[in-house]
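Below: one structure, written as structure tokens.
Quick note on labels: first sequence line is chain A, next is B, and so on, each numbered from 1.
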There are 2 protein chains.
Amino acid sequence: MLAAMTDRDGRLAIGELAARSGLAPSALRYYEEMGLIHSERTTGNQRRYPRTALRRVAFVRAAQQVGLSLEEVRAALDRLPVDRAPSATEWNAVARTWQLRIDARIGELERLKERLTGCIGCGCLSLRKCRLYNPGDAAGSQGPGARYLEGDPLPES
Amino acid sequence: MLAAMTDRDGRLAIGELAARSGLAPSALRYYEEMGLIHSERTTGNQRRYPRTALRRVAFVRAAQQVGLSLEEVRAALDRLPVDRAPSATEWNAVARTWQLRIDARIGELERLKERLTGCIGCGCLSLRKCRLYNPGDAAGSQGPGARYLEGDPLPES
DNA sequence: GCTTGACCTCAAGCCTCCTTGAGGTTGCAG
DNA sequence: CTGCAACCTCAAGGAGGCTTGAGGTCAAGC
């Protein structure tokens with residue numbers, strides 16, 4: 001029982017994968033249902049994950065940190081092999097997309113911070129002058145709505 | 001009808017606030033219910049928002065970008081005056097918290113990116129060597145689980 | 001061979017952040 | 001004064017990302 005529930009082939013039972021990835025089994029089943037990871041079944045219908053699942057799970061978690069939805073992660077993972085470690089080339093392709101994403105996000109945050117600092121500097125928070133209001137570069141980010149505060153004919157508030 | 005639905009006092013009807021903030025009226029009612037914005041009512045029970053609501057809504061959206069939950073935003077907003085523009089000092093206090101948050105987030109992303117780059121460099125993605133697996137610094141971030149992949153006695157996969 | 005814990009499959013529930021809809025009221029233009 | 005858009009409330013629904021629970025099976029230790 002203490003020994004890992006692992007095949008001689010090194011395949012992992014769901015509990016094992018859960019323990020190693022730090023996720024709940026339920027989450028792993030969910031990921032599998034979403035097509036993020038894949039398993040084979042034993043004769044008794046239990047899941048057995050290839051070791052690569054460990055990598056894929058780590059990838060998923062990391063991607064979520066960057067703000068990707070599981071759907072987006074799936075799209076990215078679909079470009080990596082299911083059964084073996086990715087080649088440098090394969091990995092490269094995926095990672096490139098990611099880095100763009102990360103850079104974009106960092107950029108957004110930095111611009112936000114800058115605007116915030118500007119606001120502190122001016123101490124105004126006036127609707128007209130303050131760049132915190134609809135910077136105009138948040139387009140395409142998350143959330144509905146247009147946020148077109150800037151340029152409105154508003155008196156100071 | 002074309003003229004803004006605005007008091008002579010400059011207070012905004014919900015539709016007006018919605019149009020100017022780019023959010024749906026339903027979202028604004030929700031925000032109000034959450035205590036993020038406040039309104040007075042007309043004799044006919046319609047909401048009238050002070051102009052400061054515009055600022056507060058902008059604040060909320062910006063905060064969401066940084067990854068704050070509405071609850072956290074509420075906590076931050078509670079430190080700003082409801083009825084007037086915040087003073088530089090008041091704003092400073094709030095903004096400081098924010099910047100820390102932004103910096104932290106940027107830091108996370110940069111570390112992630114770095115690890116990712118390292119992975120490309122080594123081309124390995126090995127469970128032992130690759131820093132993408134449980135970096136050990138994701139603690140306290142969102143999501144359940146411990147993610148303690150690193151340091152596991154794993155053969156190369 | 002039995003017990004016990006890990007596993008299985010649904011289905012339902014939960015949290016956040018809203019949207020949608022039904023049914024009814026208000027308020028401004030004409 | 002009427003008509004219609006905008007507003008109101010309250011209840012339900014929905015997406016994303018899981019968890020929980022019921023009811024049942026599998027497999028390893030004794």
Side-chain angles (χ1 to χ4, degrees), chain A residues 1-8 11-37 39-49 53 57 60-75 141-145 147, chain B residues 1-8 11-37 39-49 57 60-75 141-147:
Chain A
M1 206 103 283
L2 265 184
M5 302 243 344
T6 309
D7 282 324
R8 49 224 87 55
R11 296 185 312 164
L12 308 170
I14 195 170
E16 181 71 358
L17 181 56
R20 296 207 166 172
S21 64
L23 291 177
S26 58
L28 295 174
R29 289 194 195 96
Y30 181 70
Y31 283 2
E32 186 171 345
E33 197 183 332
M34 296 292 98
L36 296 167
I37 52 178
S39 67
E40 295 169 343
R41 298 299 179 112
T42 64
T43 51
N45 196 37
Q46 297 198 357
R47 291 172 177 82
R48 285 301 177 270
Y49 293 99
V57 171
V60 173
R61 300 310 293 195
Q64 284 188 306
Q65 295 259 332
V66 189
L68 298 183
S69 69
L70 290 188
E71 180 51 35
E72 290 174 296
V73 177
R74 201 186 52 65
S141 71
Q142 63 205 354
R147 280 174 269 307
Chain B
M1 205 104 284
L2 264 185
M5 302 241 342
T6 307
D7 283 324
R8 48 226 86 58
R11 297 183 312 165
L12 308 169
I14 195 169
E16 181 70 357
L17 181 56
R20 297 210 164 171
S21 64
L23 292 176
S26 58
L28 296 174
R29 287 192 196 97
Y30 180 71
Y31 284 3
E32 185 171 346
E33 197 182 332
M34 296 293 98
L36 296 166
I37 51 178
S39 67
E40 294 168 344
R41 300 297 180 110
T42 64
T43 52
N45 198 35
Q46 298 198 355
R47 290 171 178 82
R48 285 301 177 270
Y49 293 99
V57 170
V60 172
R61 301 310 293 195
Q64 284 187 306
Q65 294 258 333
V66 188
L68 298 183
S69 69
L70 291 187
E71 180 49 36
E72 291 175 295
V73 177
R74 200 187 50 67
S141 71
Q142 63 204 354
R147 283 174 270 301

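Once rounded to the nearest 0.5 Å, the distance linking CZ of B:Arg11 with OG1 of B:Thr42 reads 8.0 Å.
Taking atom CD on B:Glu72 and atom C1' on C:dC17, their separation rounds to 14 Å, with Å as the unit. The interatomic distance linking A:Ile14 (CD1) with C:dG5 (P) rounds to 19 Å, in whole Å. The CZ atom of B:Arg48 sits 12 Å away from the C1' atom of D:dC8 (whole-angstrom rounding). Between the CZ atom of B:Arg61 and the C1' atom of C:dC17 there is a distance of 10 Å, rounded to whole Å. One atom, CD of B:Gln46, and another, C1' of D:dA5, lie 11 Å apart when rounded to the nearest Å. With rounding to whole Å, B:Ile37 atom CD1 is found 14 Å from C:dC17 atom C1'. Between B:Leu68 atom CG and C:dT16 atom P there is a gap of 15 Å when expressed in whole angstrom units. Rounding to whole angstrom units, CD of residue B:Glu32 and P of C:dC18 are separated by 15 Å.
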Run the side-chain donor-acceptor check on residues 23-32 of chain B: report pairs under 3.5 Å with partners two or more places apart or on a different chain.
unit_1, atom_1, unit_2, atom_2, d
B:Tyr31, OH, B:Arg61, NH1, 2.7
B:Glu32, OE1, B:Ser39, OG, 3.3
B:Glu32, OE1, B:Arg47, NE, 3.0
B:Glu32, OE1, B:Tyr49, OH, 2.6
B:Glu32, OE2, B:Ser39, OG, 2.6

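An OP1 or OP2 oxygen of C:dC18 is reached within less than 4.0 angstrom by a side-chain nitrogen or oxygen of B:Tyr31.
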Could I get a table of every N or O pair under 3.5 Å where one atom is in the protein and the other is in nucleotides 9-11 of chain D?
unit_1, atom_1, unit_2, atom_2, d
D:dT9, OP1, B:Arg41, NH1, 3.1
D:dT9, OP1, B:Arg41, NH2, 3.1
D:dT9, OP2, B:Arg47, NH1, 3.0
D:dT9, OP2, B:Arg47, NH2, 2.8

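Nearest to the side-chain atoms of B:Ala13 among the listed nucleotides C:dT19, D:dC7, D:dT19 stands D:dC7. Of the candidates C:dC18, D:dC8, D:dC18, the closest approach to any side-chain atom of A:Tyr30 belongs to D:dC18. In this structure, of D:dG17, C:dC17, C:dT19, it is C:dT19 that holds the atom nearest to the side chain of B:Ala27.
With sequence neighbours left out, B:Arg74 forms a salt bridge (Lys or Arg N to Asp or Glu O under 4.0 Å) with B:Glu71, B:Asp78. In this structure B:Glu72 satisfies the side chain to side chain donor-acceptor pair (under 3.5 Å) test together with B:Ser69, B:Arg101, sequence neighbours excluded.
Projected onto DNA chain C by closest heavy-atom contact, B:Thr43 and B:Glu71 fall at different nucleotides, the more 5' of which corresponds to B:Glu71.
Nearest heavy-atom pair across B:Glu16 and B:Leu12 is CG-CD2, 3.6 Å. When every heavy atom of B:Leu70 is checked against every heavy atom of B:Leu36, the shortest pair comes out as O-CD2, 3.6 Å.
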